[in-house]
Amino acid sequence: MADKKIVLVLNGGQEYIKHVGDDKETYAAQTNRLFEAISETYIPLLNLFENLEKTEVPFKIALVLSPILCTLLEDRAVQDQYIDWLEKRIRLGQLEIERCKDNPKLLQNAKACFEKARNEKEYYENIDRKIVKKFHEFQKKGFVELLATCGTDIYLPHYNDMPEIMGAQVETGIYAYRNYFGEIPEGFWLPELGYYPGVEKILKAYGMNYTILDARSFLFSEKEPVKGIFYPARFDNALVAFGRDSYSDAEIFSEEGFASNTVYKAQNRDVGYELTSDQLEGYVKKGMPRFGFEYKYWKKGSIKQDAENIYDEEAAKEQCKKDAETFVSKRILKINEAEKIIEDTDYVCLTVSVNLDNLRTKWAEGVDWIENVIRQICSSEVKMDLPKTMVQNPFALQRIKPYFGSNSGSGYGEDLISNKNSWMMRYVRKASERMVDLANRFPTETGLKARLLNLGAKELMLAQSCGWAKMIENDEFPEYAETRFKQSIIDFTAVFDALGSNTVSTEWLTKLEIEHQLFGWMNYRIFSKKI
């Protein structure tokens with residue numbers, strides 16, 4: 001009888017949104033995205049792992065923490081801003097408890113949000129603000145496997161004719177991994193699961209052992225995988241590929257998905273949006289966009305502010321358990337059906353990935369649901385496993401040639417180059433061509449010119465992130481995303497022009513280096529043509 005396994009992959013990322021000084025108040029709504037992610041996703045995940053470890057649950061999770069996310073989490077200025085944000089939440093909570101004192105149900109919710117904010121601040125300070133380090137500790141204990149990913153959230157198929165660009169992004173991601181975790185990764189997560197034939201050569205050249213593909217890429221292979229997505233396969237060069245369960249996203253995030261149940265908390269009904277300007281004086285600058293403070297008291301889909309629509313935490317927790325049971329039972333049913341069909345196999349495996357950013361924005365109880373899913377799996381006939389344990393003998397796996405694919409849009413990343421954001425591509429591709437040219441024209445530069453070239457490389461990588469295109473497509477601060485993209489292109493062009501005219505403004509260069517304190521190890525030569 002074959003072993004039955006589930007590989008659970010959690011994917012966490014973040015755009016490089018950091019503002020200090022006078023810009024801090026101006027862009028408070030945009031920087032709030034990271035602070036919400038820390039409070040609603042990353043600290044709860046650490047708490048979840050600790051709870052599972054204490055209760056001796058044998059969980060195994062693959063986790064992706066993007067280089068940009070790690071950079072921001074480790075940035076002292078960002079850490080200070082997060083502490084300030086928590087302190088504001090705590091002060092606001094005291095006012096909310098007073099405001100809601102005459103409504104017992106609202107008061108209960110306000111107190112729960114207040115206690116959550118206090119606990120997060122206490123926990124954050126107890127771990128010395130080292131979220132990245134704490135996740136790494138769980139990897140060292142064998143509970144978590146951290147996967148590498150590209151330097152920024154680039155959609156690789158858009159650059160399939162530019163191997164230097166792909167190589168630079170992959171190399172930066174691996175170097176970032178070594179910088180933050182002190183190890184060499186075995187697996188590599190493709191942003192948006194964007195695959196095109198040839199990516200495997202780049203990943204294998206950098207020593208990667210496996211990657212994960214969308215089911216479309218896997219199943220539309222030139223040669224059909226005999227065991228489907230229920231068993232890993234390999235490319236010609238022995239890089240192992242796992243095919244993800246593409247039905248999970250719809251079951252979780254669609255209009256009929258678990259996250260849409262009206263028993264759950266409404267993420268868009270925060271006091272930061274609903275209170276008057278006078279009530280939020282000192283918390284939100286007048287004339288600036290509103291943002292959330294995690295004081296949310298209402299159920300999903302509710303409009304009226306009456307007793308029936310007030311959020312019931314206990315009811316939501318019960319529903320979380322039921323939804324986790326349903327989700328796991330469907331996965332087990334799939335695995336059991338696959339076992340009946342697949343002949344001569346030592347195990348049957350199903351790979352499930354969850355986007356943590358989607359989870360945070362669409363489901364307040366998402367991390368609680370994940371905990372219930374893990375507990376359900378670990379108490380069933382199916383066991384959790386890590387991808388790296390299944391790639392020990394790649395040459396024994398079936399050889400396939402996967403097809404183009406992605407988990408973005410309808411499966412081919414079309415939302416990343418739509419009528420709203422396609423204009424961005426001509427600028428970033430031209431800048432990419434210029435960066436490769438610069439790296440080859442100035443192969444041995446040092447000093448000021450090397451600093452200038454390294455800055456150009458950073459600005460290009462920021463512009464290559466498809467996160468800006470997604471923000472524009474989804475109408476999430478689209479003007480801001482457009483401005484940030486254009487500024488990176490302008491800054492890169494300034495670098496290109498300065499090198500062409502042999503004139504460098506030291507003041508301008510230093511200012512940008514201070515503003516964008518990421519990839520301190522950057523070496524522009526990674527964009528050079530490889531022989």
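For the single chain, residues carry numbers from 1 onward in sequence order.
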Crowding at OH, Y175 (>12 non-hydrogen neighbours, <6.0 Å): no

Ring pair (Phe, Tyr, Trp, His ring centres under 6.0 Å) partners for F114, two or more places apart: none

So the salt bridge (Lys or Arg N to Asp or Glu O under 4.0 Å) pairs with at least one residue in residues 24-39 (sequence neighbours excluded) are R33-E476, E36-R360

For D22, is the CG atom crowded, meaning more than 12 foreign heavy atoms sit under 6.0 Å from it? no

Quick check: do I43 and I38 have side-chain heavy atoms less than 4.5 Å from each other? yes

Go through the steps for R118 and E122 under the test salt bridge (Lys or Arg N to Asp or Glu O under 4.0 Å), then give the verdict. CA-CA 6 Å; R118 289 208 308 184; E122 182 182 359; over 6 Å; no

Smallest heavy-atom separation, Y155 atom then G194 atom, equals CE1-CA, 3.7 Å

Once side-chain contact (heavy atoms from CB on, under 4.5 Å) is applied, do any residues pair with E515, and if so which ones, sequence neighbours excluded? K511, L512

Check this for me, if you would: do E513 and K458 make a salt bridge, where the nitrogen-to-carboxylate-oxygen distance has to be below 4.0 angstrom? no

Can E15 and R484 be counted as an ion pair, charged N to O under 4.0 angstrom? no

Over 60° means perpendicular and under 30° means parallel, so tell me whether W521 and F519 are parallel, tilted or perpendicular. tilted

Check side chain to side chain donor-acceptor pair (under 3.5 Å) between S406 and all other residues, then give those that pass, not counting sequence neighbours. none

Would you sort out whether E274 and Y297 count as a side chain to side chain donor-acceptor pair (under 3.5 Å), showing the intermediate values? CA-CA 11 Å; E274 297 190 334; Y297 311 142; over 6 Å; no

H136 vs F181 aromatic rings, parallel, tilted or perpendicular, using cut-offs 30° and 60°? tilted

Of all residues at least two apart in sequence or in a different chain, which pass the side chain to side chain donor-acceptor pair (under 3.5 Å) check with N454? none

Return the set of residues passing side chain to side chain donor-acceptor pair (under 3.5 Å) with R91 (not counting sequence neighbours), or none when no residue passes. none

